[in-house]
Protein chains: 2
Amino acid sequence: MVDKQSPIPIYAQIEEQLKNQISEGKFPPGAAIPSERELTETFGVSRMTVRQSITNLVNEGLLYREKGRGTFVAAPKVEQPLSGMTSFTEDMLSRGMAPSNQLVKFEKRQPDKGIAEQLQIMESDEVYFVERIRYADNIPMAIERTYLPVKLFPELREEALKESLYKYVEQTAQLKIAGAVQRMEASLAKKEEAELLHVEAPFAVLVIERVSRLDNQVPFEVVRSTYRADRYKFTSEIQR
Amino acid sequence: MVDKQSPIPIYAQIEEQLKNQISEGKFPPGAAIPSERELTETFGVSRMTVRQSITNLVNEGLLYREKGRGTFVAAPKVEQPLSGMTSFTEDMLSRGMAPSNQLVKFEKRQPDKGIAEQLQIMESDEVYFVERIRYADNIPMAIERTYLPVKLFPELREEALKESLYKYVEQTAQLKIAGAVQRMEASLAKKEEAELLHVEAPFAVLVIERVSRLDNQVPFEVVRSTYRADRYKFTSEIQR
DNA sequence: CAGTGGTCTAGACCACTAC
DNA sequence: TAGTGGTCTAGACCACTGT
């Protein structure tokens with residue numbers, strides 16, 4: 001059942017098999033899966049290993065535990081939004097649309113007080129300022145202004161902005177993105193924003209400000225985006 | 001250092017002490033905490049127990065691990081939004097404002113197709129429909145329409161709606177809230193919405209639709225809220 | 001009562017990092 | 001080479017659930 005020589009950890013193999021059995025309908029929603037001690041015997045591993053698999057699946061929302069009763073299969077989720085924090089590029093691709101960019105500005109500058117504070121840097125430290133119009137299927141979707149500390153990305157080139165910035169951070173700069181704090185509000189488009197987005201006033205826009213952190217909790221970007229309300233709904237999964 | 005007789009699990013006691021030492025500055029951001037084997041000796045417990053504590057703190061974003069190097073203190077977060085999924089009542093309280101309600105409608109009715117689908121019930125199953133104007137410090141903040149399956153809350157009374165609904169679900173109905181899928185968009189207030197919110201058109205509003213689930217992933221509410229854009233920003237923490 | 005998940009022990013080997 | 005986190009074992013006692 002499990003390959004103890006495999007480079008894939010045993011707990012990951014067990015997760016995989018449980019997932020398969022659930023999606024095959026062997027354990028329908030609401031049904032109990034075998035107890036941890038039973039799984040211990042089936043897979044020939046120790047209980048802590050089985051528990052690690054189950055804990056991961058519980059965290060994913062696929063299973064839930066009840067003390068003294070057992071572990072059960074959760075109901076399937078109605079919809080599956082992109083689980084967490086995504087870049088515009090990733091977001092549009094997952095919606096089946098073709099993302100593209102128009103770079104309006106790319107420069108180094110001194111941050112103002114607010115940006116410096118959010119990035120936890122000095123006002124004398126430089127930041128990249130990137131202004132882009134974001135398109136989906138060639139229709140303007142959002143205006144996006146990004147601030148990045150130059151110190152963190154000394155090698156950043158204009159070409160990297162044509163692809164996903166997060167791809168650059170993770171693959172080229174080899175940094176781990178942990179999460180972000182996001183503020184969202186509705187607003188009316190300003191005159192120049194309405195022009196850039198090809199809409200006529202009064203027009204509602206969704207304004208999102210995101211401060212993103214690496215795994216050591218150091219902020220690496222501030223993004224301020226202004227989305228056309230008619231073309232963009234923001235969907236997210238939240239935990240209690 | 002730890003009380004093995006205490007009803008509080010040892011791993012929770014260790015978490016507590018590590019948190020304290022970090023906030024006291026004993027381990028500044030970026031510094032390594034003692035290795036797992038050292039902590040094993042300091043606390044006189046086994047390594048798996050220490051690991052459980054550290055894993056929890058890593059999930060909270062307080063620490064991060066690097067293979068072969070050690071475990072380090074993360075930078076403090078700039079701001080601390082309410083971590084996840086909150087009710088209007090909880091949300092306003094955390095912002096230091098006084099929430100209140102005006103109940104416009106409370107009735108049982110047949111759900112339309114969309115609501116029935118989102119709640120995963122039959123169209124013939126009844127739902128409660130609750131319409132409320134939400135106030136913060138006595139200023140209208142949002143219009144909120146909630147749909148709840150009668151089956152799940154056969155005992156629901158009007159009084160429960162004066163307090164937090166989530167409090168009712170968790171404390172009175174004894175159910176566990178796991179999470180929700182949330183869709184947010186900007187829009188212009190409709191005429192009657194503008195009146196209810198005491199604003200004049202054209203006025204931007206933030207529309208939030210939330211489908212909330214219990215720990216067994218069964219949906220228990222659909223909430224559609226319309227917030228005054230000038231008085232409400234939605235803040236959330238997201239994970240990559 | 002027997003069975004369940006929650007917690008805990010005292011070891012072990014591995015891959016990786018730093019010196 | 002020594003130290004680190006990642007994985008794993010084979011047990012154990014507990015509180016809680018259902019009969």
Side-chain angles (χ1 to χ4, degrees), chain A residues 1-18 27 30-74 174-176 178 215-216, chain B residues 1-18 27 30-74 174-176 178 215-216:
Chain A
M1 299 296 264
V2 293
D3 177 4
K4 298 202 180 183
Q5 313 311 319
S6 163
I8 300 167
I10 295 176
Y11 70 86
Q13 297 180 44
I14 295 179
E15 274 178 57
E16 190 58 28
Q17 298 202 24
L18 286 176
F27 307 120
I33 65 166
S35 76
E36 296 178 353
R37 286 165 184 83
E38 280 182 67
L39 291 172
T40 284
E41 288 183 18
T42 335
F43 291 114
V45 300
S46 85
R47 191 167 155 225
M48 288 305 280
T49 305
V50 167
R51 272 184 72 75
Q52 189 170 355
S53 312
I54 292 178
T55 300
N56 288 342
L57 295 178
V58 167
N59 289 340
E60 284 178 33
L62 209 67
L63 300 175
Y64 61 100
R65 298 200 245 232
E66 291 191 17
K67 255 186 293 189
R69 299 224 311 130
T71 303
F72 304 86
V73 178
Q174 293 269 37
L175 299 169
K176 277 180 206 157
D215 67 342
N216 60 2
Chain B
M1 298 296 263
V2 293
D3 177 3
K4 298 202 180 183
Q5 312 311 319
S6 164
I8 301 166
I10 297 176
Y11 70 86
Q13 297 180 44
I14 295 179
E15 274 177 58
E16 191 57 30
Q17 297 202 25
L18 287 176
F27 307 119
I33 64 166
S35 76
E36 296 177 355
R37 285 165 184 82
E38 281 181 68
L39 291 172
T40 284
E41 287 183 20
T42 343
F43 290 115
V45 299
S46 84
R47 190 167 157 225
M48 288 304 281
T49 305
V50 167
R51 273 184 69 76
Q52 189 171 354
S53 312
I54 293 178
T55 300
N56 288 342
L57 295 177
V58 167
N59 289 339
E60 282 178 34
L62 209 69
L63 299 175
Y64 60 100
R65 297 201 245 231
E66 291 191 18
K67 255 186 294 190
R69 299 224 310 131
T71 303
F72 303 86
V73 178
Q174 293 269 38
L175 298 169
K176 276 179 208 159
D215 67 343
N216 59 3

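Lettering of chains follows the sequences in order, A, B, ..., and the numbering in each one begins at 1.
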Intra- and interstrand pairs of DNA chain C - dot-bracket, Watson-Crick/G-U under 3.5 Å, | marks other strand: |.||||||||||||||||.
[X] side chain near [N] phosphate (N/O to OP1/OP2, under 4.0 Å):
{"X": "B:Arg37", "N": "D:dT4", "result": "no"}
{"X": "A:Ser46", "N": "D:dA10", "result": "no"}
{"X": "A:Ser35", "N": "C:dG3", "result": "no"}
{"X": "A:Lys4", "N": "D:dT9", "result": "yes"}
{"X": "A:Tyr11", "N": "D:dC8", "result": "no"}
{"X": "B:Thr49", "N": "C:dT7", "result": "no"}

Measure [atom1]/[X] against [atom2]/[N] and give the value in whole Å, please.
{"X": "A:Glu41", "N": "D:dT9", "atom1": "CD", "atom2": "P", "value": "14 Å"}
{"X": "A:Arg51", "N": "D:dT9", "atom1": "CZ", "atom2": "C1'", "value": "15 Å"}
{"X": "A:Glu36", "N": "D:dC8", "atom1": "CD", "atom2": "P", "value": "16 Å"}
{"X": "A:Leu39", "N": "C:dT4", "atom1": "CG", "atom2": "P", "value": "10 Å"}
{"X": "A:Gln5", "N": "D:dT7", "atom1": "CD", "atom2": "P", "value": "17 Å"}
{"X": "A:Met48", "N": "D:dC8", "atom1": "CE", "atom2": "C1'", "value": "10 Å"}
{"X": "A:Arg47", "N": "D:dC8", "atom1": "CZ", "atom2": "P", "value": "17 Å"}
{"X": "A:Ile10", "N": "D:dT7", "atom1": "CD1", "atom2": "P", "value": "11 Å"}

Between atom [atom1] of [X] and atom [atom2] of [Y], what is the distance when rounded to the nearest 0.5 Å?
{"X": "B:Glu16", "Y": "B:Leu57", "atom1": "CD", "atom2": "CG", "result": "9.5 Å"}
{"X": "B:Ser35", "Y": "B:Glu41", "atom1": "OG", "atom2": "CD", "result": "8.5 Å"}
{"X": "A:Thr49", "Y": "A:Lys4", "atom1": "OG1", "atom2": "NZ", "result": "8.0 Å"}

Salt bridge (Lys or Arg N to Asp or Glu O under 4.0 Å) evaluation trace for A:Glu36 with A:Arg65: CA-CA 11 Å; A:Glu36 296 178 353; A:Arg65 298 200 245 232; 3.2 Å; yes
Nearest listed nucleotide, side chain of B:Pro9, among D:dC8, C:dT7, C:dT9: C:dT7
Candidates D:dG6, D:dT9, D:dC16 - which lies nearest the side chain of A:Lys67: D:dC16
The single option from A:Leu39, A:Leu18, A:Ile10 passing side-chain contact (heavy atoms from CB on, under 4.5 Å) against A:Val50: A:Leu39
Sidechain-backbone polar pair: A:Glu15 side chain, A:Ile54 backbone, donor-acceptor under 3.5 Å: no
Comparing B:Arg69 and A:Gln52 on DNA chain D - which has the more 5′ nearest nucleotide: B:Arg69
From CA spacing to verdict: side chain to side chain contact (heavy atoms under 4.5 Å, CB included), B:Phe72, B:Ile33: CA-CA 6 Å; B:Phe72 303 86; B:Ile33 64 166; over 6 Å; no
Sugar-phosphate, base or nothing in reach of B:Ile54, heavy atoms under 4.0 Å: nothing
pair A:Phe43-A:Gln17: side-chain heavy atoms closer than 4.5 Å: yes
